[in-house]
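Report on one structure; see the data block that follows.
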Number of protein chains: 2
Amino acid sequence: MKRQVIPAAKPVRWLNNHEWSAWLHLMATFTLLPAAIDSQLEREAGMSHFEFGVMAALSRQPGRRLQLKDLAVVANGSLSRLSHVISRLERQGWVRRMSGANGRATNAELTDKGYSKLMKAGPIHFAEVRRLVFDVLTPEEVKELRRVTSRINAALIPETNLGPLARRTRAGALRQSS
Amino acid sequence: MKRQVIPAAKPVRWLNNHEWSAWLHLMATFTLLPAAIDSQLEREAGMSHFEFGVMAALSRQPGRRLQLKDLAVVANGSLSRLSHVISRLERQGWVRRMSGANGRATNAELTDKGYSKLMKAGPIHFAEVRRLVFDVLTPEEVKELRRVTSRINAALIPETNLGPLARRTRAGALRQSS
DNA sequence: CTGAATAAGTTGAAACGTCAAGTTATTCCA
DNA sequence: TGGAATAACTTGACGTTTCAACTTATTCAG
């Protein structure tokens, strides 16, 4: 049986067997793990993982507030997506918008209600993360995972277009949390 | 009656620094890599990564056809999602539905048009995968990646509910490709 | 053999993300 | 100083995914 999945028609460098296998596993993890995390968080804490990420990012800022453009970057989302999400979070009373430093800036601020919601969600979320990821890996593997993903990100982030702004902003915005 | 003197501050095992850092990177990769892959494939080959996966899976089957329930499993998607996607692919003329063995089974079959479309998409896709993932990793790291993700999947898949059928079907359906 | 339970798909509505277009504020520079 | 360009959003429409409900076929118990 031929190991190559799709016969290479053209003189293109194909994936070798190791790579192909790695890719299959990686894609499965990509698909299944976020789905699992997300649906558990939705069920048991009433928020999506992206919403959790946004609120968690806010909670770590001085004054629990951050300008949307920066928040978009730390949350790995587009400004548009963030704007929609902030609207949803506002409707729940977990976040409020405040006009920022200069007139075109908008800050999102985590409310007390949002903070306590987040405090309840945190343990639920991290217990699941631990169960699904860290409990099945050795400490050595955790290090490998960190190293490999950070390498991939390093190559990926510079060319990510979360708007042309991301490139500049990301470095500063992430500095404190890496 | 139990008197609780001091409220438990952190009754939950938290993530340690290594784990937290690994988790941040993992989540970023989760978010950014599929988005990058997907949008490039959409732009340059006119299909989503999920559609590509579905068609690639079909192309490997004898007769280039597979029953939907099995296809759903190998594509890591729900039956409902798959049904919608097959409808789209049918509209493009890349796949057709055929009634399967027993009356309630439906097979999806890759058409010639679909096959040649796939052959064009393959190199485009894999070049990008290589560029974003394998070119930035050492062979050693590729092995680590494979090992770590396959471990995570092993724990994850058994409890995945892509319908109660997944558990049984997956083992058989995946056997040939691992 | 008959009715109940389950399996396999389909479908429509609601929720979410993306994309393009629109708004307002700020900066640039001639 | 006065446009033009750009930045920081917001909004609405569109496509996709999920969820629940529904159909039809098959299996199983008695």
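Atom set for the values below is all heavy atoms of this structure, side chains included, hydrogens, waters and symmetry mates excluded. Order of the sequence lines sets the chain letters (A, B, ...), proteins ahead of strands, with each chain counted from 1.
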Among D:dC9, D:dT18, C:dT26, find the nucleotide with the atom closest to the side chain of A:Asn102. C:dT26

Please tell me which of the listed nucleotides, D:dT10, C:dT26, D:dT18, lies nearest to the side chain of A:Arg104? C:dT26

Reading DNA chain C from 5' onward, which residue's closest nucleotide shows up sooner: A:Arg88 or B:Ser83? B:Ser83

Send over the distance from [X] [atom1] to [N] [atom2], rounded to a whole Å.
{"X": "A:Asn107", "N": "D:dA7", "atom1": "CG", "atom2": "P", "result": "19 Å"}
{"X": "A:Leu66", "N": "D:dA8", "atom1": "CG", "atom2": "P", "result": "13 Å"}
{"X": "B:Arg43", "N": "D:dG15", "atom1": "CZ", "atom2": "P", "result": "19 Å"}
{"X": "B:Leu68", "N": "C:dA7", "atom1": "CG", "atom2": "P", "result": "17 Å"}
{"X": "B:Met47", "N": "D:dG15", "atom1": "CE", "atom2": "P", "result": "18 Å"}
{"X": "B:Arg81", "N": "C:dC16", "atom1": "CZ", "atom2": "C1'", "result": "13 Å"}
{"X": "A:Leu82", "N": "C:dG17", "atom1": "CG", "atom2": "P", "result": "11 Å"}
{"X": "B:Leu89", "N": "C:dT10", "atom1": "CG", "atom2": "P", "result": "13 Å"}

Has A:Thr106 got a side-chain N or O lying under 4.0 Å from the OP1 or OP2 atom of D:dC9? yes

Categorize A:Ser80 for me: base, sugar-phosphate, or nothing, with a 4.0 angstrom heavy-atom threshold over every strand shown. base

Are B:Leu58 and B:Tyr115 packed together at the side-chain level, in the sense that at least one heavy-atom pair is separated by less than 4.5 angstrom? no

Could you check if a side-chain atom of B:Leu41 sits within less than 4.5 angstrom of a side-chain atom of B:Met47, using non-hydrogen atoms only? yes

Closest non-hydrogen atom pair between A:Ile86 and A:Leu68, with its separation: CG1-CD2, 4.2 Å

Let's test your reading of the model: under 3.5 Å, does the base of C:dG9 pair with the side chain of B:His84 as donor and acceptor? no

The residue, A:Arg97 or B:Phe50, whose nearest nucleotide of DNA chain D is more 5′ is A:Arg97

What orientation do A:Phe30 and A:Trp23 show, parallel under 30°, tilted 30 to 60°, or perpendicular over 60°? perpendicular

Indicate whether the side chain of A:Ser21 and that of B:Arg146 have a donor and an acceptor atom separated by less than 3.5 Å. yes

